[in-house]
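Quick notes on the structure that follows.
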Number of protein chains: 2
Amino acid sequence: MKTTRNTTAKTAVLEIFGKSKTALSHTEIYKQIEDVCDRVTVYRILDRLVNDDIVHKIVDLDGTVKYAKCHHHAQRVHIHNHAHFSCEKCLEITCLENVKPSYIMPHNYKVNNINFTLSGLCPNCLNSNI
Amino acid sequence: MKTTRNTTAKTAVLEIFGKSKTALSHTEIYKQIEDVCDRVTVYRILDRLVNDDIVHKIVDLDGTVKYAKCHHHAQRVHIHNHAHFSCEKCLEITCLENVKPSYIMPHNYKVNNINFTLSGLCPNCLNSNI
DNA sequence: AACCAAATTGCAACAATGTTGCGATATTAT
DNA sequence: ATAATATCGCAACATTGTTGCAATTTGGTT
Ligand SMILES: [Zn+2]
Ligand SMILES: [Zn+2]
Ligand SMILES: [Zn+2]
Ligand SMILES: [Zn+2]
């Protein structure tokens, strides 16, 4: 099996995730470690982190792609079925770990994954709007 | 106010939507009318159709952007709060007009819009899998 | 039918985001 | 220390979408 290695660049990316409360785009991450590694390396690190279930990929309503740390719970099988909030003002994307949609599907569909993203104003921007 | 005009290219795009049961990407549309108009024109037509609530824009789990005709119902105010299904095999995106998620949000968020996309196998691909 | 203002188009150029191939380098296990 | 291979840097390419501007087309008016 492929073993995964710890490199300077990977550590730097993980540190950035550690500090951030919101999801981050490739560009946002790369800007913080331009001097550490190449642009392509960041793409490849993100791919690996997603594969290893360390971060998950989020696509918001506009198609912007961001990544956020996974919060591992009791369950062994790790499914990202929580919702995400995309603020129209500050453009930040936040995991809503406790928001899970319920829904009824027609027959004959096999659902493997869901993406539930809400957009609007986050608490910060809502307050500063008053 | 800006009046919107009927052009050859716009008519061609609308005809394509009329024939399709699934959502279409810019590329898919452009391939069918390369000889009618420019690539940029298709982008601009799609923008206008979205603005006029004639089609709606869908972003699937991978970030692919597609467009589908709006089905206008009784309501005057037109909100696209239905779900979409993205097939992992045939890559088609279908509107699930009757699937609407219910959910409970934390306080202090103002929700303006939602994106609920499910992925897996569509009825066609599920059958041909057996 | 001719005219006119404004909406639409084509083209070329640009920007952002992501991918690929390959030789060089760094990491990990032995 | 060594060897196998995972990772990296670089350059090149692909896709998707945007912008400015001059030329054309459209829909309404005379
Ligand atoms: Zn905000
Ligand atoms: Zn999340
Ligand atoms: Zn399918
Ligand atoms: Zn739809």
Side-chain angles (χ1 to χ4, degrees), chain A residues 1-17 22-68 86 91-93 115 117, chain B residues 1-17 22-68 86 91-93 115 117:
Chain A
M1 60 270 151
K2 272 195 104 163
T3 65
T4 160
R5 294 180 180 177
N6 290 320
T7 65
T8 316
K10 185 182 169 187
T11 307
V13 170
L14 284 176
E15 258 180 39
I16 293 175
F17 275 117
T22 58
L24 299 166
S25 68
H26 166 270
T27 308
E28 288 166 340
I29 294 169
Y30 178 57
K31 271 186 195 152
Q32 293 188 49
I33 50 171
E34 279 183 305
D35 45 335
V36 175
C37 70
D38 192 69
R39 204 171 63 89
V40 178
T41 302
V42 175
Y43 277 114
R44 296 200 261 227
I45 289 174
L46 288 172
D47 280 350
R48 268 178 279 144
L49 291 179
V50 168
N51 258 310
D52 296 348
D53 265 339
I54 294 169
V55 306
H56 57 287
K57 186 176 173 177
I58 308 158
V59 178
D60 88 348
L61 284 82
D62 300 325
T64 314
V65 173
K66 299 210 175 182
Y67 301 85
S86 166
L91 303 182
E92 286 189 348
I93 294 185
N115 172 20
T117 309
Chain B
M1 59 271 149
K2 273 195 104 164
T3 65
T4 159
R5 295 180 178 175
N6 290 319
T7 65
T8 316
K10 185 182 169 187
T11 307
V13 170
L14 284 176
E15 258 179 40
I16 292 174
F17 275 117
T22 58
L24 301 166
S25 68
H26 166 270
T27 308
E28 288 166 340
I29 294 169
Y30 179 57
K31 271 186 194 152
Q32 294 187 49
I33 50 171
E34 279 183 304
D35 45 335
V36 175
C37 69
D38 193 70
R39 203 171 64 89
V40 178
T41 302
V42 174
Y43 277 114
R44 296 200 260 229
I45 289 174
L46 289 171
D47 280 350
R48 269 178 275 144
L49 291 178
V50 168
N51 259 309
D52 296 347
D53 264 339
I54 294 168
V55 306
H56 57 286
K57 186 176 173 177
I58 307 157
V59 177
D60 87 350
L61 284 82
D62 300 326
T64 315
V65 173
K66 298 210 174 182
Y67 301 86
S86 167
L91 302 183
E92 286 189 349
I93 294 185
N115 172 20
T117 308

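For the numbers below, each heavy atom of this structure counts, side chains included, while hydrogens, waters and symmetry mates do not. To find a chain, count down the sequence lines: A is the first, B the second, and so on, and within it residues start at 1. Note that the structure is a prediction, hence the values are computed from the model and not measured.
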On a heavy-atom basis, which atom in [X] and which in [Y] lie closest, and how many Å separate them?
| X | Y | answer |
| --- | --- | --- |
| A:Thr41 | A:Ala9 | CG2-CB, 4.2 Å |
| B:Lys66 | B:Leu91 | NZ-O, 3.3 Å |
| B:Gly63 | A:Val59 | CA-CG1, 3.7 Å |

[X] [atom1] to [N] [atom2]: how many Å, rounded?
| X | N | atom1 | atom2 | answer |
| --- | --- | --- | --- | --- |
| A:Asp62 | D:dT16 | CG | P | 18 Å |
| B:Glu28 | D:dT15 | CD | P | 14 Å |
| B:Asp38 | D:dT25 | CG | P | 15 Å |
| A:Ile45 | C:dT27 | CD1 | C1' | 14 Å |

Problem - Axial bend angle, the helix from C:dA1-D:dT30 to C:dT30-D:dA1: five-pair end segments, nearest 10° - result: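 Computed from the C1' atoms at both ends, the axes differ by 30°.
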Partners passing side chain to side chain contact (heavy atoms under 4.5 Å, CB included) against [X] (at least two apart in sequence or in another chain):
| X | value |
| --- | --- |
| B:Asp62 | B:Asp60, B:Thr64 |
| A:Asn51 | none |
| A:Val55 | A:Phe17, A:Leu49, A:Val50, A:Tyr67 |
| A:Asn6 | A:Lys10 |

Handout entry: Base versus backbone protein contacts along nucleotides 14-25 of chain C [heavy-atom cut-off under 4.0 Å; B, S, -]
Key = ---SBBBB----
Problem - Option passing side-chain contact (heavy atoms from CB on, under 4.5 Å) with A:Val13 (candidates A:Leu24, A:Thr8, A:Ile45, A:Thr7) - result: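 Of the listed residues A:Leu24, A:Thr8, A:Ile45, A:Thr7, the side-chain contact (heavy atoms from CB on, under 4.5 Å) partner of A:Val13 is A:Ile45.
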Exercise for the section: Using a heavy-atom cut-off of under 4.0 Å over every strand shown, decide if A:Val36 touches base, sugar-phosphate, or nothing. Expected result: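 Since only primed, P, OP1 and OP2 atoms lie under 4.0 Å of A:Val36, the category is sugar-phosphate.
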Practice task
Taking only the side-chain nitrogens and oxygens of B:Thr4, find out if one of them lies under 4.0 Å from OP1 or OP2 of C:dT8.
Solution key: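 Affirmative; the distance criterion is met.
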Problem - Counterpart residues, side-chain hydrogen bond (donor to acceptor under 3.5 Å, both in side chains), relative to A:Thr117 (two or more places apart) - result: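 A:Thr117 satisfies side-chain hydrogen bond (donor to acceptor under 3.5 Å, both in side chains) with A:Asn115 only.
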Exercise for the section: Using heavy atoms and a sub-4.0 Å distance, could you list which residues of residues 5-17 of chain B are near DNA chain D? By number, please. Expected result: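 Correct list: B:Arg5, B:Asn6, B:Thr8.
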Please list, one pair per line, the donor and acceptor atoms closer than 3.5 Å that link side chains of residues 27-40 of chain B to other protein atoms, with sequence neighbours excluded.
from, atom 1, to, atom 2, distance (Å)
B:Glu28, OE1, B:Ser25, N, 2.8
B:Glu28, OE1, B:Ser25, OG, 3.4
B:Asp38, OD2, B:Val40, N, 3.0

Practice task
Rounded to the nearest 0.5 Å, what's the gap from OG1 on B:Thr11 to CD1 on B:Ile16? Could you check?
Solution key: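 Here the rounded value is 11.0 Å.
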